[in-house]
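Let me begin by presenting the structure, written as structure tokens, before commenting on it.
We're numbering straight along the sequence, starting at 1.
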Amino acid sequence: MKHKDGKPIAQTDKNRIVPMAIIFVVLCGFSFYIGGIFCSEKRRFAFINSHKSLESPKGSSVATLQVKSTSFPECSSEYQDYTPCTDPRRWRKYGSYRLTLLERHCPPIFERKECLVPPPDGYKPPIKWPKSRDECWYRNVPYDWINTQKSNQHWLIKEGQKFLFPGGGTMFPNGVGEYVDLMRDLIPEMKDGSIRTALDTGCGVASWGGDLLDRGILTVSLAPRDNHEAQVQFALERGIPAILGVISTQRLPFPSNSFDMAHCSRCLIPWTEFGGVYLLEIHRILRPGGFWVLSGPPINYERRWRGWNTTIEDQRSDYEKLQELLTSLCFKMYNKKDDISVWQKSPDNNCYNKLSRETYPPKCDDSLEPDSAWYTPLRACIVVPDPKFKKSGLTSISKWPERLHATPERISMFHGGSASSFKRDDSKWKKHIVHYKKLIPDLGTNKIRNVMDMNTVYGGFAAALTNDPVWVMNVVSSYATNTLPVVYDRGLIGTFHDWCEPFSTYPRTYDMLHLDGLFSAESHRCEMKYVLLEMDRILRPTGYAIIRESSYFVDGIATIAKGMRWGCRKEKTVNGSETEKILICQKKLWYSSSNKS
């Protein structure tokens, strides 16, 4: 085209505009990405007090994180039993409705303690297993309230410098052994290896779980931090698996279809209230064919109602409501005698397939992930087991101990999960444990009892220790691939957790902590300092930490550990890798300076 005076008109080249616009967008996006990395890295190492070096040591091509040395102060003695996410000092901020104040409520980052939790005055290294099951040092858990209030039920007895555990309980004053013998008569599967994992809700001092250990059943004892003072701490001091928790408004931190049995001995949970959500949660975590055992109200109400401060009519009504709810959840009465009733979850999906849409509670829809269990609200609906997993039910899964090394069917749930990867992981951890025992001769003896694998995958670390006098709490990150169903299918126990937050336990409850690449995986979210301070809180004095980590982090970890009064040494891995090292640390026993005369 031309102007009317004959000069050409300059036209915009439309073909050039499009690619230039694309280039502009790409450059903006790249700048944003680089800026995001820089900012996240800046936050990631903010605790280093602006002192960071990426220089490699002489003779090494591996970059290392250098942290400025610091010494952490002692917390005051009033924090000797500090549980940050279940702290009674903060309960008044939360309502008492459905006991939500007893759930996890972690302090914000600006309220996190940056101090070392002291042991009680007179603390001693715990009594060794198996003697610890029957007695512990009074000064290690100096709580007289529970002794005074429960003495008539024979939970525990104070004698001299020790607490003794005679094995009594509210529903088994004649001893837990007699109680479990009756239960085994009602449930033959407790005798032949069919039942391996159990959950005890409202566990007292965990005498039920402690008795089952000799019978080949591994129990997670669950109790809140409440007016019974330190139920879970007593359990762990005895060397029995336990965790702080309560069935309230959120799911328990376990995957679906995991426990072979669940038990409630007068735990006073209102099973039929709030739409039956508490019993629905038990249903979710029990594997198909699993058992639910209840003793206490309203069981055997015909004989017991007078001692429950109620009427026989009320107890009959409660029992009928409970039976109706259990039937609607596809439970069937399995056996009953005296104060014990046993129900069995449907071993297949035939019952669930017959439930109509009008049935209450309804079946959960696809919007609710069955295994989602980290701050996941309870819902009044039935989690129906996935029908494609036909070998994960109690009647189909291998019996203990064969199931420990049998490839779990549910390994196919996640990317890369296969029989070959499972076997490789098993073989790898057998070699690692042999190496660890050379580095820590106490491992494999009764000097180490309570162990935590802080970021397990298939539970291989725990599996390699099953012949030793230890039990292992397997932790799977709530942000990692969900492999916890595989851990339970092997007959091991564990929990979900986010290591950016404190763990649900008391101070000084583990003899050994193990981690494998935890900081490599989580340092972009969790500050190293707070993770290590939490490890110090839950580790017993003279306890060990095995930190298997990228060489980049090892020196920085060692520096922070020194400020926590740990003694650490660097060791090589089995294959002598330069990019990965093992840090062996031991926590020192020290006492609060405020208690010194």
Side-chain angles (χ1 to χ4, degrees), residues 47 72-120 141-146 149 201-203 221-237 242-253 267-270 274 277-278 281 373-378 452 475 478-479 495-510 525-527 529-539 564 592 594:
F47 68 91
F72 294 97
E74 300 172 10
C75 302
S76 67
S77 57
E78 66 184 273
Y79 285 93
Q80 66 185 31
D81 63 348
Y82 183 46
T83 54
C85 296
T86 51
D87 185 2
R89 300 172 186 85
R90 306 179 74 245
W91 283 353
R92 63 188 180 191
K93 295 182 179 180
Y94 309 101
S96 59
Y97 175 71
R98 287 174 58 178
L99 298 179
T100 54
L101 77 167
L102 300 181
E103 292 186 305
R104 285 177 59 87
H105 301 287
C106 299
I109 194 73
F110 56 84
E111 291 183 16
R112 294 281 293 269
K113 298 295 179 184
E114 296 187 22
C115 55
L116 307 179
V117 175
V141 275
Y143 305 112
D144 291 312
W145 186 94
I146 193 170
Q149 295 295 317
T201 53
C203 64
S221 295
L222 180 81
R225 175 159 186 165
D226 64 359
N227 62 353
H228 282 177
E229 281 194 25
Q231 295 177 78
V232 165
Q233 192 170 14
F234 274 113
L236 290 162
E237 189 70 17
I243 191 171
L244 284 168
V246 62
I247 305 181
S248 177
T249 66
Q250 298 168 357
R251 283 180 171 180
L252 297 175
C267 56
L268 303 181
I269 296 173
F274 309 112
V277 289
Y278 303 141
E281 178 63 356
W374 188 246
Y375 295 119
T376 302
L378 290 177
M452 181 188 291
V475 180
S478 58
Y479 281 80
T495 181
F496 293 117
H497 184 64
D498 176 5
W499 283 111
C500 295
E501 298 179 359
F503 192 76
S504 295
T505 192
Y506 281 85
R508 304 172 302 280
T509 45
Y510 284 86
R525 297 192 312 109
C526 314
E527 281 197 28
K529 171 182 64 175
Y530 289 121
V531 177
L532 287 166
L533 283 169
E534 176 61 5
M535 291 171 65
D536 179 78
R537 185 184 71 88
I538 66 181
L539 190 63
M564 300 191 307
S592 174
S594 63

Task: Set of ring-ring contact (aromatic ring centres under 6.0 Å, His included) partners for F496, sequence neighbours left out - done: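 ring-ring contact (aromatic ring centres under 6.0 Å, His included) list for F496, sorted by chain: empty.
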- [ ] Using ring-ring contact (aromatic ring centres under 6.0 Å, His included) as the criterion, list what pairs up with Y97, not counting sequence neighbours.
- [x]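 F274.
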For the residue pair [X] and [Y], what are the closest heavy atoms and their distance?
X    : Y    : answer
P142 : Q80  : CG-NE2, 4.1 Å
C500 : R112 : O-NH1, 3.1 Å
P118 : S77  : CG-CA, 4.0 Å
Y506 : V232 : CE1-CB, 4.1 Å
A235 : A242 : CB-CB, 3.6 Å
P224 : L102 : CB-CD1, 4.0 Å

Rounded to the nearest 0.5 Å, what separates atom [atom1] in [X] from atom [atom2] in [Y]?
X    : Y    : atom1 : atom2 : result
F72  : L533 : CZ    : CG    : 4.5 Å
E527 : I109 : CD    : CD1   : 5.5 Å
E237 : T509 : CD    : OG1   : 9.5 Å
C526 : L532 : SG    : CG    : 11.5 Å
D536 : R508 : CG    : CZ    : 10.5 Å
M452 : H497 : CE    : NE2   : 7.5 Å

TODO: Apply salt bridge (Lys or Arg N to Asp or Glu O under 4.0 Å) to R104 and list each qualifying residue two or more places apart in sequence or on a separate chain.
DONE: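 Scan of R104 (salt bridge (Lys or Arg N to Asp or Glu O under 4.0 Å), adjacent residues dropped) gives E501.
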side-chain contact (heavy atoms from CB on, under 4.5 Å) partners of [X], counting only residues at least two apart:
X    : value
Y94  : R90, L101, H105
R89  : E78, Y79, Y82, D87
L222 : L199, T201, I243, L252
P88  : W91, R225

Task: Side chain to side chain, T505 and T83, heavy atoms closer than 4.5 Å - done: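 No, side chains not in contact.
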Task: Validation row: C106, P84 side chains within 4.5 angstrom (heavy atoms) - done: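 C106 does not reach P84 side chain to side chain.
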Open item on the list: Can a donor-acceptor pair be found, under 3.5 Å and without considering hydrogens, that links the side chain of E103 to the backbone of T249?
Closed with: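 Side chain of E103 to backbone of T249, a donor-acceptor pair under 3.5 Å: yes, one is there.
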Going by side chain to side chain donor-acceptor pair (under 3.5 Å), name the residues that satisfy it together with [X], two or more places apart in sequence or in a different chain.
X    : value
R537 : E534
R98  : Y278
Q250 : none
Y479 : none

Task: Ring geometry between W499 and F503 (parallel below 30°, tilted from 30 to 60°, perpendicular above 60°) - done: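 F503 vs W499 ring planes: parallel.
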Task: Check against side-chain contact (heavy atoms from CB on, under 4.5 Å), Y375 and D498 - done: CA-CA 11 Å; Y375 295 119; D498 176 5; over 6 Å; no
